[in-house]
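Everything below concerns the one structure shown next.
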Amino acid sequence: MKEVRLRFAPSPTGFLHIGGLRTALYNYLFARNKGGKFILRIEDTDRTRFVQGAIENLIDSLKWAGITYDEGVFVEDGKIVQKGEYGPYIQSQRLDIYKKYVDQLIENGYAYYCFCSKDRLDHLREEQRIKGQVPKYDGLCREIPLDEAKKRIASGEEYVVRLKLPHNKDITFNDLVRGKVTINTNEIDDQVLMKSDGFPTYHMAVVVDDHLMGITHVVRGEEWLSSTPKHVFLYQALGWESPEYVHLPTVLNKDRKKLSKRQGDVSVEDFKERGYLPEGIINYLALVGWSPEDGDEIMNMDELVSKFDFDRVGKSGGIFDTDKLNWVNAHYIKQYPIEKLAELSIPYVVDSGLLKEAYIRENFEWYKVLIDTIKEAIDKLEDIPKHIGFLFGDLKITEDAAMEEINKEHVPDLLKTFIEVVNSHDEISLEVANGLMKEVQKKSGVKGKNLYMPVRAAISGNVHGPEMSNIIYLLGKDKLVQRAQKVLNNLK
Ligand code: GLU
């Protein structure tokens, strides 16, 4: 069987949209599943939309997500480099190639020069709008004889090249998700293939590149579905075989609207900044529009690769459900290597002002216990500060349930014993912390709930929370004594 070759072909117009990452992911999963190649091509022929730094940013986001590719555009030592035998992989560096095929289309009667001014086209569009028609080029330049057109060009007239679609012809192609798709050419515009600045449009470049780069499957968002007949026509006109097509359902929000910047986070970078783990994002995104046959929901990249296929990609939009993302991400947070999780969490804690980086680094063993203690309660790293606040500052006990515990009759004696036990140790190591409540129990004779609840309330302000021995260790000797003493003083 022919080796499959897939490509992700973003335009460097800014950040990588989370829907774009899903497109990249599905391409990647299929290519890896079939043991094929995955390519990153940069589609930058629309110079007006080019954003400085966007290529680096895209590559960075893919790398963060763990999506690797075999050919195309990479960043090495801060520089953009290209690798592979089908380059260049940046479209603005392939202008001569496109020109050659545009010329061929013109010579063979599949494309024509168009000299219509912007004014005329604006006017035409406005008229069509008033009549309630779909805006479309009216074909004025279609019949200009080629030698006359060439003379006009030689005399310096500005022009574009348009696709010469036959009238009223059905174009049919197969989509691996949607099945047979047929669109009549009467519904399609004579697409501009080459602009007056000599740059091809997306439609021309995408066909030439997919063909020359040996792409076997074009997998992209469904917003391109209506453009595909033009591409299919171009393949025929150039005497090439079309690739397989897969148009992925749009990623929608819960109201079934396109996920857009206005409603919040949509870029991969936004999710990264909020402390989602790449493993969580990837696992979750795979499920937006696809599900494996066995119904599994938690799958790492290798499992996704082995289970993925297009026949289980849905036709209707994939709903982006933040609650479910949080649930998936929380799963990865819980099982992440603690060393790594602690490292990743540092900026969030430092930004919250609760701890300084130097302090964290000096007390990293302690810090790891801290993160390990609260990781059960968080979905993403940005949640950390609100769960560690209890360790810092002056404790004010406001919770009714905690007050109730503290007001029990045996509590003053219990807290005195607690303070004695804490003070009997030079330092509250993890080991000491683990055995401390047992010591208090022995010394005070108080057991079970009567022992744990008031002590927990006194030192953490809460009747619920993380493992008691962890709280004891994390607070350390001075804070334990201070807090217990303060409650004791208030009880007197
Ligand atoms: N450059 C297009 C985009 O940014 C790629 C579409 C395609 O994959 O053909 O979405």
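For the single chain, residues carry numbers from 1 onward in sequence order. In this text the structure is predicted, and so the values were computed from the model without any measurement. When reading the values below, keep in mind they use all heavy atoms of this one structure, side chains included, and skip hydrogens, waters and symmetry mates. Counting starts at 1 for both ligands and their atoms, following the listed order.
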Suppose we measure from [atom] to each protein heavy atom; which comes out shortest, and what is that distance?
| atom | result |
| --- | --- |
| atom 9 (O) of ligand 1 | Y202 OH, 2.6 Å |
| atom 1 (N) of ligand 1 | E43 OE1, 2.6 Å |
| atom 4 (O) of ligand 1 | S11 OG, 3.3 Å |
| atom 5 (C) of ligand 1 | A9 O, 3.1 Å |
| atom 10 (O) of ligand 1 | W224 NE1, 3.4 Å |

Sub-4.0 Å heavy-atom approach of R7 to ligand 1 | yes
Would a distance-only check, ignoring hydrogens and angles, find a side-chain to backbone donor-acceptor pair under 3.5 Å from D189 to Q191?
-> no
Quick check, are the ring centers of F271 and F320 under 6.0 angstrom apart?
-> yes
Determine whether the aromatic ring centres of F308 and Y26 lie less than 6.0 Å apart.
-> yes
Could you list which atoms of ligand 1 come closer than 4.0 Å to a heavy atom of V206?
-> 9 (O)
Worked check of ring-ring contact (aromatic ring centres under 6.0 Å, His included) between Y359 and F392 | CA-CA 14 Å; Y359 182 88; F392 307 99; 8.5 Å; no
Short N/O distance, under 3.5 Å, between E223 and ligand 1?
-> no
Parallel, tilted or perpendicular: rings of W240 and Y235 (30°, 60°) | perpendicular
pair I59-Y69: side-chain heavy atoms closer than 4.5 Å | yes
Is there a donor-acceptor contact under 3.5 Å linking the side chains of Y89 and D209?
-> no
Could you see which bit of F8 sits under 4.0 Å from ligand 1, with heavy atoms only: side chain, backbone, both or neither?
-> neither
